[in-house]
Amino acid sequence: MPNKPLKPCRSPGCPNLSEEYYCERHRRAKAAEYNQFRRDPELQAFYNGSRWRAMAKRQLKRQPLCGRCLAEGRLSAARIADHIVSIKNGGARYDADNLQSLCVACHNKKTAKE
Ligand SMILES: [Zn+2]
Ligand SMILES: [Zn+2]
C-alpha cells in the first residue's frame, strides 16, 4: 500500500497526525460510540432526532466551556451536550437540568467510566 500523506486528526484540539480522519485513539473512541449506538437503535434515533439536536445546540450556546475542565481551572471549548445522569441510567432525556457541556476528552473519560 502506498504511503498516504498524514493529516491532522479531525477531533477538535487533537495534535495527532493520522492517515485516516482520526488518530488511533480517536478512531477507537468513535468505534466505541458506534458500537454503543448499534446496540441500541432506539437511542440512536433519539440522538439523531431534531428535538435533541436543538436542545444540545442550546446547551452548548448557554455553556460553551467544558464544565469539568472549568472545575479544574482549565478553559476548554465544549463540543458535547452530555446527560449528567445518562439515559441508560434512567436520566431525563429532555430536561435541561440534566445537561452539561463537555469537551471531547472529558466526555470520553465519562463514558469510559460508565
Ligand atoms: Zn485524535
Ligand atoms: Zn473537559
Side-chain angles (χ1 to χ4, degrees):
M1 236 173 66
N3 275 343
K4 282 186 252 168
L6 294 179
K7 286 174 294 215
C9 171
R10 279 196 182 181
S11 195
C14 177
N16 296 330
L17 294 173
S18 154
E19 287 180 10
E20 313 284 336
Y21 292 131
Y22 294 99
C23 69
E24 181 71 34
R25 192 165 68 91
H26 283 117
R27 229 167 18 238
R28 232 177 291 142
K30 287 271 159 199
E33 208 170 88
Y34 179 71
N35 287 335
Q36 183 191 334
F37 280 152
R38 254 169 72 104
R39 267 183 275 128
D40 200 339
E42 198 273 326
L43 207 57
Q44 182 176 27
F46 162 72
Y47 280 114
N48 284 333
S50 55
R51 187 174 170 195
W52 163 250
R53 284 186 194 217
M55 219 182 146
K57 215 166 150 186
R58 256 200 316 276
Q59 168 65 24
L60 291 175
K61 214 170 174 182
R62 191 164 62 97
Q63 213 182 79
L65 292 174
C66 170
R68 288 202 175 185
C69 287
L70 206 59
E72 292 169 17
R74 289 191 307 272
L75 298 180
S76 309
R79 305 278 173 194
I80 294 156
D82 176 66
H83 289 97
I84 297 170
V85 179
S86 71
I87 293 173
K88 265 187 294 178
N89 292 333
R93 296 183 176 204
Y94 296 114
D95 184 354
D97 289 338
N98 190 33
L99 289 182
Q100 62 183 342
S101 300
L102 291 181
C103 70
V104 176
C106 287
H107 183 254
N108 287 347
K109 255 185 260 168
K110 178 170 185 262
T111 43
K113 242 187 241 166
E114 286 165 359

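All heavy atoms count here, side chains included; hydrogens, waters and symmetry mates do not. First listed ligand is number 1; within each ligand, the first listed atom is number 1.
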How open is the angle at the Zn ion (ligand 1) from atom SG of C9 over to atom SG of C23, rounded to 10 degrees?
-> 110°
Do Q63 and Q59 have side chains that get closer than 4.5 Å, going by heavy atoms?
->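 Counting from C-beta outward, Q63 and Q59 do come under 4.5 Å.
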Do any of the N/O/S atoms of H107, backbone or side chain, fall under 2.8 Å from the Zn ion (ligand 2)?
->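 So H107 does not bind the Zn ion (ligand 2) by this criterion.
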List the atom of H26, the atom of C9, and the distance in Å for their closest heavy-atom pair.
->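 Nearest pair, atom of H26 first, then C9: ND1-SG, 3.4 Å.
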Do you know the tightest heavy-atom contact between Y47 and H83?
-> OH-ND1, 3.6 Å
Name whichever N, O or S atom of H26 ends up nearest to the Zn ion (ligand 1).
->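 Minimum-distance N/O/S atom of H26 relative to the Zn ion (ligand 1) is ND1.
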If the Zn ion (ligand 2) is the vertex, what is the angle to SG of C69 and SG of C103, rounded to 10 degrees?
->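 With the Zn ion (ligand 2) as the vertex, the angle is close to 110°.
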Hydrophobic cluster membership, I87 vs L99, 4.5 Å side-chain cutoff | yes
